[in-house]
Amino acid sequence: MTATNRDELQLSRRSALGLVGASTLLGAPALAASTAACAGPAVVAPRGPAGEYQLPPLPYASDALDGFLSQEILELHHDKHHAGYVRGLNSTLAALAEARTKGDYSGIKALSRALAFHGSGHVLHTLYWHSMSPNGGGSPKDGVLKTMLDASFGSVDGFRKQFGAATKQAEASGWGILAYEPLGDQLIVTAAESHQQMAVQGAIPLLVCDVWEHAYYLRYQNRRNDYVDAFFDVIHWDFAEQHLAATRQGAVQGHGGR
Amino acid sequence: MAFTLPELPYSKDALAPHISAETLEFHHGKHHNAYVTKLNSLIEGTEYAGMSLVDIVRKAPKGGIFNNAAQVWNHTFYWHSMAPSAGGAPTGAIAAAIKAQWGSFDAFKTEFTNTAINTFGSGWAWLVKTAAGKLAIESTSNAETPLTDPSKTPILTCDVWEHAYYIDYRNARPGYLEKWWQLVNWEFANKNFAG
């Protein structure tokens, strides 16, 4: 491997872990080169020249999921809603930088809230696009994901039922989340309210289903349950497998081997 | 005695073009109705069966019964906060109180609009009267409502759950707010303010 290739992989790997906020907790940067070669980056989120967050492109054409979600829904959702969180995240970080410069923390409470909201909104939307695929659905292949779904939920069907119920019943605007919890080295399902509430801190989202009304209203209106049921027809198991493998390898090494 | 879905105080097409008949069909006929149905099924055989809606909202702990009861009440209050051929500048006692509090109707309108637009996620923007008789603007999340605080009197509300405006305005919550001002029922506000 050339130095350049390794640097690129390392950067990608950092993006992948940085995106889900794990690099500091798990000391991932030091491990980046060794894990990247094996697992590869699951998510690459672009950053601008000044390090600012940028809206990542959809990983497929905006009409690619038409059987499930219309082109109009995906374009509004990605180009307007997701873009809004990226903008909100960058402007919040800029306001925090200004607060530091001025030594004025009188607005820190609102800024901390905005950071959690927009930051989590950006992370979850980025993962959401990858959680679906025009070639998705079916069942996960044999591999680490299937093994861990079996171990953590009894079976893939056990996961399906819990994830479906948690997502359908998420309060108001929220998310269903399959996450890797590194201290227990296991998978868990959480339901987020808004983007950031009800989180298990440190658990790394792998696969997410957005149940804010903007995600489904133009096709499913009030029928959230139908939308969640149909989500399983596009669920991107291969992405979750890749993301889990990359995340878990870093986490296990971060604990000094397990 | 089970709760029933209250009728809209106007026909489904009465708020068009600002709020379409299609939106009201879903919002009243499906969303509001689902809160009523769910509430009835949750309170059956509990201490809440037989209580008034307001008592349930004030007594139920955070959870399903509270959420559904509060949403039944919030939505009914929202329907009455609007009327066809309404909007414009306030009249009567509420106009004077707004001027006293904010200096002008425009200043009030700007603050209320910003509160509604900046509500994170699903929620409501409210004009309330405090125990001291002053007006205040509040934002609540999800099903939360100023009704839980008996010292406050709700005057008006604007629903900023996405289902309230997504069919007509898509992601443009500010566009919905702009038109909402043309529907505000100041007569209802004055009645609440006097009460």
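Below, chain A is the first sequence line, B the second, and so on; all start at residue 1.
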Contact class of A:Glu193 relative to chain B, heavy atoms under 4.5 angstrom: side chain
Region of A:His214 in contact with chain B, defined by heavy-atom distances below 4.5 Å: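 Both parts, backbone and side chain.
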Worked check of side chain to side chain contact (heavy atoms under 4.5 Å, CB included) between A:Trp212 and A:Tyr217: CA-CA 9 Å; A:Trp212 280 55; A:Tyr217 209 80; over 6 Å; no
Lys/Arg-Asp/Glu bridge criterion (N-O < 4.0 Å) met for B:Glu138, B:Lys152: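 Salt bridge present between B:Glu138 and B:Lys152.
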Top of A:His195, A:Glu72, A:His77 for chain B proximity - count of heavy-atom pairs under 4.5 angstrom: A:Glu72
Residue selection (most heavy-atom pairs with chain B, distance under 4.5 Å) from A:Gly174, A:Ala172, A:Ser194, A:Ala114: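 Highest number of pairs under 4.5 Å: A:Ala172.
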Flag for B:Trp126-B:Thr140: side-chain donor and acceptor within less than 3.5 Å: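 Yes - a donor-acceptor pair under 3.5 Å links their side chains.
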Flag side-chain contact, heavy atom, 4.5 Å: A:Phe163 against A:Phe231: yes
